[in-house]
Amino acid sequence: MLILGIETSCDETAASIIKDLKRGKYASLQVLSNIISSQIKIHKQYGGVVPEVAAREHVLNILPVIDKSLAKAGLTRKTAMKKLNAIAVATGPGLITSLISGIETAKILGYTWDLPLIGINHIEGHIYANFIHADPAQIKNIILPAIILTVSGGHTMLILMKGHGKYQIIGETRDDAAGEAFDKAAQLMGIGYPGGPIISQKAQSVIHDKKYAINLPRPMINVNNFDFSFSGLKTALRYALKNDKNWKEKIPAYAFEFQQAVIDVLIHKTIKAAAKYNTKTIMLAGGVSANIQLREQMAKTVKNKIPSAQFKIPNLKYTTDNAAMIAAAGYFHALRKDFTPWQKLQVDCNAKLK
Ligand code: KG4
Ligand code: ZN
């Protein structure tokens with residue numbers, strides 16, 4: 001099976017072609033192309049994504065990105081029509097005017113090439129980044145049910161994945177998402193956008209430096225549920241900076257403590273959830289799962305606390321927004337013949353994992 005994936009939820013215009021090496025639930029998925037046109041440079045000057053600007057960029061970029069993705073996979077417009085089996089596209093959550101570009105393009109291609117379409121929830125796409133492996137043993141290793149910590153710029157969720165397409169959200173953020181918290185913290189320190197990678201880099205430089213004792217709270221860590229809250233942490237950082245005349249000299253130390261506060265809460269709740277639901281697999285998903293410390297510390301904690309569980313992380317290439325993850329999720333929908341008629345393919349404003 002050959003699937004074209006399209007992703008335009010936020011500020012990345014992306015298209016990808018994936019192929020299954022052997023059909024079925026344990027098929028290994030090979031990424032033939034994964035093209036991403038990022039708008040970060042444009043939005044950087046505003047300190048965040050400007051929806052109107054993002055939408056215009058998607059319109060300009062979508063066809064060149066799809067064209068590149070076909071060419072990289074050895075396809076042309078003519079052969080794509082014959083060889084592709086389906087087109088998967090992210091329908092939400094995301095910026096409505098950004099999503100429309102991807103959805104309408106997928107619809108037109110599906111209509112003219114007479115190909116089945118698959119609307120994909122963007123969060124489900126992030127989850128399926130864990131299923132992209134050319135090695136079938138890796139896929140067989142993913143034993144469901146699994147607990148998935150999905151952490152991105154827009155979402156922070158603990159998801160119980162009971163089977164393919166079967167999800168239960170057991171906890172989520174009550175205010176800012178983890179990635180959003182990183183972005184806002186970086187903005188407070190004036191160190192750039194997007195905040196996650198920059199904070200992580202600054203923190204890495206002081207990882208063993210105990211020179212400055214900075215203490216930030218671990219919000220909701222001891223509350224008896226699986227919800228999160230990060231806006232208080234951001235406010236605590238704001239006051240800490242305000243009360244410290246020399247904070248500019250200590251940015252790496254503040255970055256370190258902020259990152260560690262987020263990581264501590266994420267790990268504590270994920271381990272608790274895996275223990276409660278007795279899952280054999282724990283996975284990370286979403287842009288924040290690119291964070292090296294989160295990956296390493298979670299791996300260590302799983303090994304110590306639930307040694308029988310396996311810990312899966314997506315390849316770094318597929319953590320932040322990309323279309324291979326949308327195509328991978330689409331593949332599993334296609335196996336179930338779960339297609340979306342073009343007449344019904346539209347932005348899902350209240351997109352929820354079902
Ligand atoms: O999944 P994603 O690309 O877009 C959304 O669906 O929101 O996630 C983007 C978010 C941003 O907030 C960014 O700061 C964060 O992921 N991020 C990171 C890292 N790389 C990206 N956060 C922490 N550490 C990182 N290394
Ligand atoms: Zn995303």
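In what follows, residues are counted from 1 in the order of the sequence shown. Start at 1 and go down the list; that is how both ligands and their atoms are numbered.
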Go through Phe258 and Phe182 one step at a time and tell me if the ring pair (Phe, Tyr, Trp, His ring centres under 6.0 Å) criterion holds.
CA-CA 8 Å; Phe258 182 86; Phe182 271 102; 5.7 Å; yes

Does ligand 1 come near enough to [X] that some N or O of the ligand is less than 3.5 Å from an N or O of the residue?
X      : result
His122 : yes
Glu12  : no
Gly153 : yes
Pro194 : no

Is there a donor in the side chain of Thr91 and an acceptor in the side chain of Asp348, or the other way round, less than 3.5 Å apart?
no

Nearest-option assignment for atom 25 (C) of ligand 1, heavy atoms, candidates Gly154, Ala90, Ser289, Gly196:
Gly196

Partner residues of Asp244 under the side chain to side chain contact (heavy atoms under 4.5 Å, CB included) criterion, sequence neighbours left out:
Asn246, Trp247, Lys250, Tyr254

Here the vertex angle at the Zn ion (ligand 2) for NE2 of His126 and OD1 of Asp321, given to 10°, is 100°

Considering only heavy atoms of [X], which atoms of ligand 1 have at least one such atom less than 4.0 Å away?
X      : answer
Ala290 : 20 (N), 26 (N)
Thr320 : 3 (O), 21 (C)
Gly287 : 1 (O), 2 (P), 8 (O), 16 (O), 17 (N), 18 (C), 19 (C), 20 (N), 21 (C)

N, O or S of His122 under 2.8 Å from the Zn ion (ligand 2):
yes

Check whether any N, O or S atom of His155, backbone or side chain, sits closer than 2.8 Å to the Zn ion (ligand 2).
no

Please check if the side chain of [X] supplies one atom and the backbone of [Y] the other of a donor-acceptor pair under 3.5 Å.
X      : Y      : answer
Ser69  : Ser33  : no
Thr156 : Ala178 : yes
Thr281 : Ala146 : no
Thr319 : Asn315 : no

Per the side chain to side chain donor-acceptor pair (under 3.5 Å) rule, which among Lys269, Gln297, Arg218, Gln259 passes with Asp264?
Arg218

Could you tell me whether ligand 1 has any atom less than 4.0 Å away from a heavy atom of His126?
yes

Nearest to [atom], what protein heavy atom do you find, and at what distance?
atom                    : answer
atom 14 (O) of ligand 1 : Asp183 OD1, 2.7 Å
atom 24 (N) of ligand 1 : Asn291 ND2, 3.0 Å
atom 2 (P) of ligand 1  : Asp321 OD1, 3.3 Å

Glu180 and Lys184: CA distance, side-chain angles, deciding distance, salt bridge (charged side-chain N to carboxylate O under 4.0 Å, His left out) verdict
CA-CA 6 Å; Glu180 187 182 359; Lys184 287 180 175 168; 3.1 Å; yes

Examine His164 together with Phe131 and report whether their ring centres are nearer than 6.0 Å.
yes

